[in-house]
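Report on the following structure.
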Number of protein chains: 2
Amino acid sequence: MSAAAAETTDERIVRAAGVLFAERGYAGTTTRAIAETAGVNEVTIFRRFESKAGILRAMGERFAEQAAGFSAVQQPDSEDTHATLLALARSEISSAAENGGAAIRLAFDARTVPEVAELLGDGPKRNMDALAEYMAVRQEAGDLRSDIAPHVLAEAFFALTSSYVMYRTVMGYAEIPQDSDMDTTVEQLVDVYWSGAGSKKTDR
Amino acid sequence: MSAAAAETTDERIVRAAGVLFAERGYAGTTTRAIAETAGVNEVTIFRRFESKAGILRAMGERFAEQAAGFSAVQQPDSEDTHATLLALARSEISSAAENGGAAIRLAFDARTVPEVAELLGDGPKRNMDALAEYMAVRQEAGDLRSDIAPHVLAEAFFALTSSYVMYRTVMGYAEIPQDSDMDTTVEQLVDVYWSGAGSKKTDR
DNA sequence: AGTGTATGCAAGTACTTGCTTGCATACTAT
DNA sequence: ATAGTATGCAAGCAAGTACTTGCATACACT
């Protein structure tokens with residue numbers, strides 16, 4: 001969509017790998033399949049990326065470029081909990097949609113595939129911990145209900161916001177929709193979360 | 001824990017396979033690893049289960065025994081939306097916890113591993129569709145907010161309730177807790193969902 | 001024209017994986 | 001004691017996978 005014009009061989013390969021990683025996982029994706037999907041000879045992959053892990057690394061660098069991640073939590077206006085959560089959800093989902101759910105799926109592989117673990121590092125866990133810590137702070141500030149453990153609140157938030165992309169790309173239950181539709185849906189999901197996780201006195 | 005006494009060879013194998021499937025997926029789990037984990041010679045596996053898919057089948061039969069699934073939706077008192085959702089969440093999570101998250105993880109493999117797809121069939125999707133339909137009915141009854149598409153509501157529900165088990169077993173972020181702790185947590189998560197997804201006029 | 005660069009194609013290597021075979025060993029039941 | 005059953009052990013096979021090598025072809029730049 002964005003670069004309909006000339007897509008380099010490298011880009012085609014990485015994009016194909018992303019699609020396949022998302023639906024088959026890292027171990028379940030063969031270099032042959034990547035080559036076929038990218039419309040490239042298998043040897044070209046190794047000439048350009050050295051190894052299968054090399055593709056992963058290149059992909060990781062693209063992740064890093066877009067990676068907003070939990071930085072939203074450190075936004076200046078983080079006093080406004082609802083706005084902060086919405087911003088976080090938006091950046092999470094848009095980047096997840098952009099890489100076709102590959103990052104989400106790879107998080108599952110990280111535990112058992114060393115290369116993936118190295119790529120992601122403790123990123124996902126750090127994200128989670130950071131969000132949990134933020135949740136704890138907002139609990140003390142009276143914004144969030146305090147009868148639920150902060151890390152459970154954080155897990156629930158990620159689950160809620162990533163489910164939309166996950167069910168579509170990773171599990172293939174439906175087609176991934178337009179950006180506009182998705183934006184509305186994300187708002188609604190955050191709204192659900194905020195209505196349920198926000199403290200009872202606070203209100204909308 | 002439950003059967004500390006005599007566990008048959010078959011049971012040990014299936015249990016070991018469940019643990020490994022949950023954390024590595026079906027394709028990522030070798031029969032050698034299953035044998036080692038079960039403390040059994042690899043040949044024994046093939047003598048008793050014929051093939052790797054045979055273990056899967058045996059595991060599927062155990063799933064079926066516990067399988068409550070979306071049957072909760074068809075409960076007689078399904079007019080009480082909150083109670084119905086809570087019952088659904090409880091049965092989902094307890095069975096997920098029982099099989100160590102294997103079922104959740106296998107749902108990811110279903111798309112690309114034929115044996116897994118055959119085992120699960122359209123079960124997960126039917127569950128999802130059935131729940132979405134229930135959501136639609138309760139929307140019309142005025143119990144649930146109607147600005148969100150029913151299937152998004154359904155996805156969000158499953159995501160919220162299964163995330164707790166998923167983050168622990170599949171992604172290994174933490175140890176899986178006691179039943180009592182989990183029960184409380186499930187209640188809280190359903191409460192979050194209900195507060196956020198219930199229609200504004202209805203109230204708790 | 002000639003040289004370098006990117007790619008395709010065919011074949012092959014080392015290793016893993018699901019699965020098999022043949023034989024030895026322990027236990028149980030009659 | 002004898003026979004049947006369940007398991008272990010060692011070795012191996014066929015298929016697939018990541019990765020390599022050697023050679024041919026197309027294109028760009030000078």
Side-chain angles (χ1 to χ4, degrees), chain A residues 3 5-21 23-60 102 105-106 109-119, chain B residues 3 5-60 102 105-106 109-110 112-119:
Chain A
E7 196 182 24
T8 68
T9 307
D10 284 19
E11 283 165 351
R12 286 228 308 284
I13 293 173
V14 172
R15 187 164 54 86
V19 171
L20 295 177
F21 286 168
E23 66 178 43
R24 312 184 184 181
Y26 180 79
T29 301
T30 68
T31 52
R32 292 204 230 296
I34 296 174
E36 197 175 341
T37 305
V40 173
N41 192 285
E42 194 185 355
V43 201
T44 304
I45 288 181
F46 292 99
R47 278 200 271 245
R48 306 206 61 109
F49 294 97
E50 194 122 354
S51 66
K52 187 178 168 187
I55 310 178
L56 195 67
R57 241 174 282 125
M59 211 161 83
R105 174 71 205 241
L106 286 176
D109 293 334
R111 199 183 182 188
T112 46
V113 183
E115 303 95 294
V116 177
E118 191 175 349
L119 172 74
Chain B
E7 197 182 22
T8 68
T9 308
D10 283 19
E11 284 166 351
R12 285 229 311 283
I13 293 172
V14 172
R15 187 163 55 86
V19 172
L20 295 177
F21 286 168
E23 68 178 42
R24 311 186 184 180
Y26 180 78
T29 301
T30 70
T31 53
R32 295 208 223 290
I34 297 175
E36 196 175 341
T37 305
V40 172
N41 192 284
E42 193 185 357
V43 203
T44 303
I45 288 181
F46 291 98
R47 277 199 272 244
R48 307 207 59 109
F49 294 97
E50 193 123 353
S51 68
K52 187 179 168 186
I55 310 178
L56 195 65
R57 240 174 284 125
M59 211 161 84
R105 173 71 204 240
L106 287 176
D109 292 334
T112 47
V113 182
E115 302 95 293
V116 177
E118 192 174 350
L119 173 74

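Below, chains carry the letters A, B, ... as their sequence lines are ordered, and counting in each starts from 1.
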Residues forming a salt bridge (Lys or Arg N to Asp or Glu O under 4.0 Å) with [X], sequence neighbours excluded:
X     : answer
A:R47 : none
A:E23 : B:R111
A:R24 : none

> Any sub-3.5 Å donor-acceptor pair from A:K52's side-chain atoms to A:I45's backbone N or O?
Replying inline: no
Taking only nitrogen or oxygen atoms into account, show me every contact under 3.5 Å that the protein makes with nucleotides 16-22 of chain D, one pair per line with its distance.
unit_1, atom_1, unit_2, atom_2, d
D:dA18, OP1, A:T29, O, 3.3
D:dA18, OP1, A:K52, NZ, 3.2
D:dA18, OP2, A:T31, N, 3.0
D:dA18, OP2, A:T31, OG1, 3.0
D:dC19, OP2, A:K52, N, 2.7

Return the value, rounded to whole Å, for the distance between atom [atom1] of [X] and atom [atom2] of [N].
X     : N      : atom1 : atom2 : result
A:I45 : C:dT7  : CD1   : P     : 12 Å
B:I55 : C:dT17 : CD1   : P     : 15 Å
A:E7  : C:dT7  : CD    : P     : 13 Å

> Which residues pass the side-chain hydrogen bond (donor to acceptor under 3.5 Å, both in side chains) test with B:T31, sequence neighbours left out?
Replying inline: B:E42
> Partners of B:T37 by side-chain hydrogen bond (donor to acceptor under 3.5 Å, both in side chains), sequence neighbours excluded?
Replying inline: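 With neighbours one apart ignored, the set is empty.
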>> Near DNA chain D, counting only heavy atoms under 4.0 Å, which residues of residues 34-41 of chain A show up?
In response: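 Those residues: none at all.
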>> Near DNA chain D, counting only heavy atoms under 4.0 Å, which residues of residues 110-119 of chain A show up?
In response: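 The answer is none.
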>> Does C:dA6 have OP1 or OP2 under 4.0 Å away from a side-chain N or O of A:T44?
In response: no
>> With ring-ring contact (aromatic ring centres under 6.0 Å, His included) as the rule and sequence neighbours excluded, what pairs involving residues 23-46 of chain A come up?
In response: A:F21-A:Y26
>> For B:T9, give me all partners under side-chain contact (heavy atoms from CB on, under 4.5 Å), at least two apart in sequence or on another chain.
In response: B:I13, B:V40, B:T44, B:R48
> Can you name the residues that form a side-chain contact (heavy atoms from CB on, under 4.5 Å) with B:A102, not counting sequence neighbours?
Replying inline: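 Partners of B:A102 by the side-chain contact (heavy atoms from CB on, under 4.5 Å) criterion, ordered by chain and then number, come out as B:A22, B:M59, B:F63, B:N99.
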>> Please find the pair of heavy atoms, one from A:G25 and one from A:T29, that lie closest to each other, and give the distance.
In response: O-OG1, 2.6 Å
>> Quick check on the helix from C:dA1-D:dT30 to C:dT30-D:dA1: what's the angle between its two end axes, five base pairs per end, to the nearest 10°?
In response: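 Between the first-five-pair axis and the last-five-pair axis there is 10°.
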